[in-house]
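Proteins come first, then strands; the chains are lettered A, B, ... in the order of their sequence lines, and each starts at number 1. Keep in mind that the numbers below use all heavy atoms, side chains included, and drop hydrogens, waters and symmetry copies.
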Number of protein chains: 2
Amino acid sequence: MPLPQTQIPGRLQMQLAERGIRMTGPRRAILSVIETATKHLDASQILRKARTVDESVDRSTVYRTLGLLKRQGLIDELDLMHLNGEGHYYERKLGRDHIHMACLRCGKISEFVSRTFESLKNQLERDCHFHILVARLEVGGYCSACRR
Amino acid sequence: MPLPQTQIPGRLQMQLAERGIRMTGPRRAILSVIETATKHLDASQILRKARTVDESVDRSTVYRTLGLLKRQGLIDELDLMHLNGEGHYYERKLGRDHIHMACLRCGKISEFVSRTFESLKNQLERDCHFHILVARLEVGGYCSACRR
DNA sequence: TTCTTATTGCGACCGAGTCGCAACACGCGC
DNA sequence: GCGCGTGTTGCGACTCGGTCGCAATAAGAA
């Protein structure tokens, strides 16, 4: 008999467990939302989705959990060029960094992985003696469909 | 007899004039603050400094003027990794883009100009058929003095 | 099962940014 | 110089993202 979707411990949940971080109902709900997201979500969207799993999840718990995941380096925080208001968007951090391109006309977000980006970061670490923890490259402009 | 500092029309003021944009007292004050800034300022710092020139400048006028300058492509808006709260920082846009590095320990902001960054943007425009209007690369980590 | 301690929900709060409106002032045409 | 139309301003109220203190609760180690 298969467990309900939200009960399958996802990777995020395991990564927190490995670090000896206490697991709770609301936390499980929020993690599952982030883990199964198919697009970039902001805090209020995460809250809304988490509530479909656990009715009682509170706004501040969402923010506290996002803070925890950020501190643990498990998610990245994005601005996406503030296409809609001033809030932030979140995504799981996996593998190598990617560039976010936001179309200022249609709002589409596309991602791009580039070796040049990696060299740029290496160059920065070398030339500036700077130890990079997070790197965020966001670009605003017109996507292929919208440019003319 | 030299004019008082704030009366010398700066480049920003001229660029707005060229575009037929009306010049006013508060606007002059705000422009001069941005023009003579030696570090990245946020909206409330700009307001405070502008008020030392023109007592009556209002908060919303600062935001409206920043919006104007953004739309005209004369300033860039930065997050600087949200080192202090959620606000934004502003700087004049001149010449080529540069990378902002924010030290998460001491808060120092350093800037770095890189040809690799330029190639990366070119690559993006070419490979993704994306027309770049603004590009923002921000890095958080430890500066040479703070890393260990 | 108990006990400690981290986490939660709640409500009040804060600061950044926006908006509608009436008063004002820039600068063009005379 | 002088008036006039329109863009700009100050003001105050508001929205929204995010934070905090606190008492109640629940994890999970012993």
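R115(B) and E118(B) are not joined by a salt bridge, as no carboxylate oxygen comes within less than 4.0 angstrom of a charged side-chain nitrogen. A salt bridge does not link E35(A) with R11(A): every distance from a Lys NZ or Arg NE/NH1/NH2 to an Asp or Glu carboxylate oxygen is 4.0 Å or more. Of the charged side-chain nitrogens involved, none lies within less than 4.0 Å of a carboxylate oxygen, so that R92(B) and D76(B) do not count as a salt-bridged pair.
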Could you go through H40(B) and E91(B), starting from their C-alpha distance and side-chain angles, then the distance that decides it, and tell me whether this counts as side-chain hydrogen bond (donor to acceptor under 3.5 Å, both in side chains)? CA-CA 6 Å; H40(B) 303 96; E91(B) 73 177 3; 2.8 Å; yes
Where do R28(B) and D54(B) land on the salt bridge (charged side-chain N to carboxylate O under 4.0 Å, His left out) test, with the steps shown first? CA-CA 9 Å; R28(B) 248 187 297 272; D54(B) 176 345; over 6 Å; no
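Protein atom OH of Y89(B) is 15 Å distant from nucleotide atom C1' of dG17(C), rounded to whole Å. L47(B) places its CG atom 13 Å from the C1' atom of dG15(C), with the value rounded to the nearest Å. For the pair E77(B) CD and dG17(C) C1', the interatomic distance rounds to 11 Å; values are reported in whole Å. dT7(C) atom P lies 12 Å from atom CD1 of I30(A), rounded to whole Å. Atom CZ of R27(A) and atom C1' of dA6(C) are 8 Å apart (whole Å). Atom CZ in R28(A) sits roughly 11 Å away from atom P in dT8(C) (whole-Å rounding). Rounded to whole Å, the distance from CG on D58(B) to P on dC19(C) is 15 Å.
Protein chain A contacts DNA chain D over a range whose 5' and 3' limits, counting nucleotides with an atom under 4.0 angstrom from a non-hydrogen atom, are dG17(D) to dG28(D).
A residue-by-residue look at R51(B) and L68(B) shows that L68(B) has its nearest nucleotide of DNA chain D further toward the 5' end. If you find the closest nucleotide of DNA chain C to S60(A) and to H88(B), the one lying nearer the 5' end belongs to S60(A). Take the nearest nucleotide of DNA chain C for A43(B) and for G25(B): the residue whose nucleotide is more 5' is A43(B).
Among the atoms of the strands shown, none is found under 4.0 Å from any heavy atom of S44(B). Using a 4.0 Å heavy-atom distance criterion, R59(B) is classed as a base contact.
Using bins of under 30°, 30° to 60° and over 60° for the plane-to-plane angle, the ring pair H88(B)/H82(B) lands in the tilted bin.
Of the listed nucleotides (dG9(C), dC19(C), dA25(C)), dA25(C) has the atom at the smallest distance from the side chain of R22(B). Distances were taken from every side-chain heavy atom of T61(A) (C-beta onward) to each of dT8(C), dC19(C), dA16(C); the shortest belongs to dT8(C).
Put simply, the side chain of T65(B) does not reach to within 4.5 Å of the side chain of P26(B), judged on heavy atoms.
A donor-acceptor contact under 3.5 Å links the side chain of R64(A) to the base of dG9(C).
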